[in-house]
Amino acid sequence: MSPLCLTHADGTTTTLRNRLLMGSMHTGLEELPDGWDRLAAFYAERAEGGVGLIVTGGLSPNREGNMWPGMRTLDSEESASPHRAITTAVHAHGAHIVIQLLHAGRYATHAEGVAPSALRSPISPATPREMSVEDIRRTISDYTQAAILAQSVGYDGVEIMGAEGYLINQFMAPRANQRNDEWGGSLENRIRFGVETVRQVRAATRSDFIVIFRLSMLDLVEGGCTWDEVVEMAKAVAVAGASIINPYVGWHESRVPTIATLVPRGAFTGLTRRLKSELDVPVVASNRINDPRLAEQILAQDGADLVSMARPLLADPMLLNKFASGQSALINTCIACNQGCLDEAFSGRLTTCMVNPRACRETELRIEPTAEPKRIAVVGAGPGGLAFAVTAAQRGHQVTLYDAASVVGGQFNLARLIPGKEEYSETLRYFSAELVRHGVKQRLGERASSESLLKAGFDHVVLATGVVPRRLTWPGIDHPRVLRYADVIEGRAPVGARVAIVGAGGIGFDVAELLSHEHLEGDELAQFTATWGIDLKGQNPGGMTEPHPARMRRELWLLQRRPDSLGKGLGKTTGWIRRALLRRRGVNMLSGVIYERFDDEGLHITVGGVTKILPVDHVVICAGQESERPLLGELERAGQPVSLVGGALMAGDLDATRAIDEGVRLACRL
Ligand code: NAP
């Protein structure tokens, strides 16, 4: 990627070594007592990996603006000075770094929250206090003070968060701003807060201090801004002194997915190009860009001046260097699952990455050469087994990987067949390339026996044999029209027009998504925007339009025994999407179900004391998993050192995040 030269108002320039911007992510390290060194290591690894410009996670310029109690702010010399560890570490690798200033406004989860108007957001626990004019002026001055502090500790600039429904965005949109003074009402008044913040930050800092403005390009909420208003705002902040405009799509309270895996790659880049054509300052493309080839394409076609990636740099800090050196097959691609990152962050836990457990654990989880190379057998080539095999081989162990299947991947081979989860193939491509690179001997299509393992005389055996579907026992369970989920997902079992899915966990939802999926007219992007009601032409306020999801041709029931609503155990930031999708398609969701039997009439169930028959052609069993560890007893009795990872260790609460994490950690210990 070519460099980008920013020319400042006084004619001086800053050259970014390339056009990859690492987007802002709050990691949770910010609040830890030893967080500064860990953050420094986290950012330094990404700087070493080739990123040109890093944006840190957001910090508020005052306490009222914190998202939750106990967050760090940037409001004093004392709060600023530890940041030197970060800026020094990043500069040592030749990258630039700016700090994001984020005031939560009405998204604050504490009682001191403030906002343009006293309107509670649908996702907030508290109603904010309406800001007085004095509050507004003081807050702008707090932003300015924070920028001066950032400059004093070595940051190359700030990013002012004006998107995602946070305070500045709240001032902009009638949805959250119902003021009738000079800070509300007309567009000029609504954008005044953001524009004035940029103007004062610009005036108070060095002329080569980078001021990025994160702009909400498409609010995706009722009462959001129109496209013309967005363009006016972008022009006004550019005139006020913004060096770069970094557009984003959606508010946190939007009920439209914008970065989950089912969002097509680069879905919003057409809009970015349109915005860029209106502006003279550099513009960034973001949202679901996870492949440097796509980034290059956007830049080459003049769709943006920089490309932002955030989660992809959690997944692989060396992404750009690998791309630049022609090693794209070795990139550990972000699959936008959100399981390790956003789900954790929004649960108040430390961010990580499902496919890279080292993310945010750089100082603790080190992959170092072993002093005692061992001969290790790994049985099972699912995510946990693969993660172990690759990491152990990388450390210098001699690893042989067995799997009864002829391909690696285990349950990921099912996940990647679900419409909207195609990205899971990338993880298997990455692991396959790493197996070859690190010389792992692959014995695929071979069911390892305890005799063969013992005979081979391995120093250690790792059982990553995963899980088997739970066997149910009600009458009719062996009927030929009762199907295994793997047969359905892999297309081995024809499925009729009326289907009941027993079990509504991760796999039940996957099967429901597969069986309810219908192709709409048009390409992937057209289907996505029609399903979710997104107006990419910018004709409607907030970019919202009437959704036109494809109604499924089947009749589908998704069932669970628990009385609570379905999908509660799904990911915190993606579960709502999956529930909404099935609702839009017309899937019947029933909880509190007692299964009685299946026969030629259909599935007999009792719900709320009423017995009924679902007249279905097929039932698909997705009733959870049990551990599969057939070799353990014999190996242990023979004195073979054995370890377990993933589902073989514990089937309950299994997910790939845990399996991969366990695989990597075990490989670092052995
Ligand atoms: P799961 O998430 O534990 O769900 C099992 C489902 O089966 C539950 O709905 C449960 O609900 C039902 N069930 C349990 N025992 C039953 C019984 N005896 N009779 C009838 N129903 C029974 O398991 P899974 O769906 O197999 O998923 C396996 C793992 O893969 C999960 O940990 C999941 O996180 C992961 N996964 C995740 C995703 C994802 O998108 N994040 C997708 C696929 C898989 P009731 O007990 O209320 O009936």
Side-chain angles (χ1 to χ4, degrees), residues 257 260-262 335-344 347 354-355 382-384 409-424 427 466-477 482-486 488-489 500-514 557-582 587 589-598 603-607 619-628 646-662:
T261 192
L262 58 65
I335 58 173
C337 67
N338 289 357
Q339 285 173 236
C341 53
L342 289 170
D343 286 353
E344 293 296 275
S347 305
M354 179 170 91
V355 297
Q411 298 273 330
F412 262 37
N413 284 310
L414 299 179
R416 70 194 185 89
L417 296 175
I418 306 301
K421 286 179 116 171
E422 294 82 0
E423 293 277 10
Y424 281 62
T427 305
V467 288
V468 284
R470 179 174 285 122
R471 289 269 314 153
L472 304 185
T473 52
W474 27 268
I477 199 74
V482 176
L483 307 175
R484 292 164 7 122
Y485 67 79
V488 172
I489 295 174
I501 299 168
V502 168
I507 290 176
F509 267 80
D510 274 0
V511 170
E513 280 165 35
L514 176 76
W557 287 266
L558 182 58
L559 312 172
Q560 74 175 22
R561 297 173 305 172
R562 263 167 296 169
D564 42 358
S565 52
L566 272 71
K568 276 208 157 163
L570 298 174
K572 195 170 173 75
T573 62
T574 53
W576 67 269
I577 301 172
R578 308 189 70 191
R579 287 190 292 272
L581 187 64
L582 295 190
V587 174
M589 298 193 225
L590 288 185
S591 53
V593 174
I594 300 169
Y595 307 106
E596 307 288 356
R597 65 180 186 283
F598 181 78
L603 182 63
H604 299 244
I605 58 172
T606 302
V607 185
V619 171
V620 187
I621 304 296
C622 307
Q625 314 290 335
E626 281 158 6
S627 290
E628 168 85 330
L649 180 64
M650 192 172 73
D653 287 335
L654 171 66
D655 65 16
T657 312
R658 201 194 93 206
I660 293 176
D661 183 79
E662 283 173 7

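Every heavy atom of this structure was used, including side-chain atoms; hydrogens, water molecules and symmetry mates were not. Counting starts at 1 for both ligands and their atoms, in listed order.
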Check: Which heavy atom of the protein is the closest neighbour of atom 28 (C) of ligand 1, given with residue, atom name and distance?
Finding: Gln625 CG, 3.8 Å
Notebook entry, point to check: Should Pro383 and Thr427 count as side-chain neighbours, where that means a heavy-atom distance under 4.5 Å?
Noted result: no
Note to self: In this structure, does ligand 1 have an atom that sits under 4.0 Å from one of the heavy atoms of Leu570?
What the structure shows: no
Next item on the list: Looking only at protein heavy atoms, identify the closest one to atom 30 (O) of ligand 1 and say how far it is in Å.
Entry: Leu654 O, 3.9 Å
Notebook entry, point to check: Looking at atom 9 (O) of ligand 1, what's its closest protein heavy atom, distance included?
Noted result: Ala504 N, 2.8 Å
Check: At what distance is the nearest protein heavy atom to atom 1 (P) of ligand 1, and which residue and atom is it?
Finding: Gly505 CA, 4.0 Å
Margin query: Quick test of your reading of the structure: of Arg658, Gln339, Arg578, Arg562, whose heavy atom lies closest to atom 10 (C) of ligand 1?
Written below: Arg562
Item checked: Minimum heavy-atom distance Leu514-Leu417, with the two atoms named -> CD1-O, 3.7 Å
Next item on the list: Determine whether any heavy atom of Gln411 lies closer than 4.0 Å to an atom of ligand 1.
Entry: no
Next item on the list: Could you tell me which residues satisfy side chain to side chain donor-acceptor pair (under 3.5 Å) with Asn338, sequence neighbours excluded, listed by chain and number?
Entry: Arg311, Thr573
Notebook entry, point to check: So, the side chain of Ser627 versus the backbone of Val467: is there a donor-acceptor pair under 3.5 Å, distance only?
Noted result: no
Notebook entry, point to check: N/O to N/O below 3.5 Å, does that happen between Lys421 and ligand 1?
Noted result: yes
Notebook entry, point to check: Considering only heavy atoms, which of Gly508, Gly569, Ala623 lies nearest to atom 21 (N) of ligand 1?
Noted result: Ala623
Next item on the list: Check each atom of ligand 1 against the heavy atoms of Arg470 and keep those under 4.0 Å away; list them by number with element.
Entry: 14 (C), 15 (N), 18 (N)
Item checked: Val593, Leu558, Ile507: member with heavy atom nearest to atom 24 (P) of ligand 1 -> Ile507
Check: Is the backbone of Gly420 close enough, under 3.5 Å, to the side chain of Glu422 for a donor and an acceptor to pair up by distance?
Finding: yes
Next item on the list: Please answer whether the main-chain N or O of Cys337 pairs with a side-chain N or O of Thr261 as donor and acceptor at a distance below 3.5 Å.
Entry: no
Next item on the list: Can you pull out the closest protein heavy atom to atom 36 (N) of ligand 1? Residue, atom name and distance to 0.1 Å, please.
Entry: Gly506 CA, 4.0 Å
Check: Looking at Tyr424 and Gln339, what are the two nearest heavy atoms and their distance?
Finding: OH-OE1, 3.7 Å
Checklist line | Heteroatom distance test (Arg561, ligand 1): nitrogen or oxygen, under 3.5 angstrom | finding: yes
Next item on the list: Under 4.0 Å, heavy atoms only, figure out whether ligand 1 is touched by the backbone of Cys622, its side chain, both or neither.
Entry: backbone
Checklist line | Arg579: partners by side chain to side chain contact (heavy atoms under 4.5 Å, CB included), with sequence neighbours left out | finding: Phe509, Trp576, Arg583
Next item on the list: Report yes if some N/O of Leu472 lies less than 3.5 Å from some N/O of ligand 1; otherwise report no.
Entry: no
Note to self: Any protein heavy atom at under 4.0 Å, with atom 26 (O) of ligand 1 as the reference point?
What the structure shows: yes
Next item on the list: Please indicate whether any nitrogen or oxygen in Val502 is less than 3.5 Å from any nitrogen or oxygen in ligand 1.
Entry: no
Checklist line | Which of the ligand 1 atoms, numbered from 1, are nearer than 4.0 Å to a heavy atom of Gly624 | finding: 5 (C), 7 (O), 23 (O), 26 (O)
Notebook entry, point to check: Are any of the side-chain heavy atoms of Leu590 and Ile605 separated by less than 4.5 Å?
Noted result: yes
Next item on the list: Measure from the side-chain N and O atoms of Thr657 to the backbone N and O of Met354, and report whether any donor-acceptor pair falls under 3.5 Å.
Entry: no
Check: Which bit of Tyr595 is near ligand 1, meaning a heavy atom under 4.0 Å away: side chain, backbone, both or neither?
Finding: side chain
Next item on the list: Carefully, step by step, assess Val593 and Trp557 under the rule side-chain contact (heavy atoms from CB on, under 4.5 Å).
Entry: CA-CA 11 Å; Val593 174; Trp557 287 266; over 6 Å; no
Check: Are the side chain of Arg658 and the backbone of Gly646 linked by a donor-acceptor contact shorter than 3.5 Å?
Finding: yes
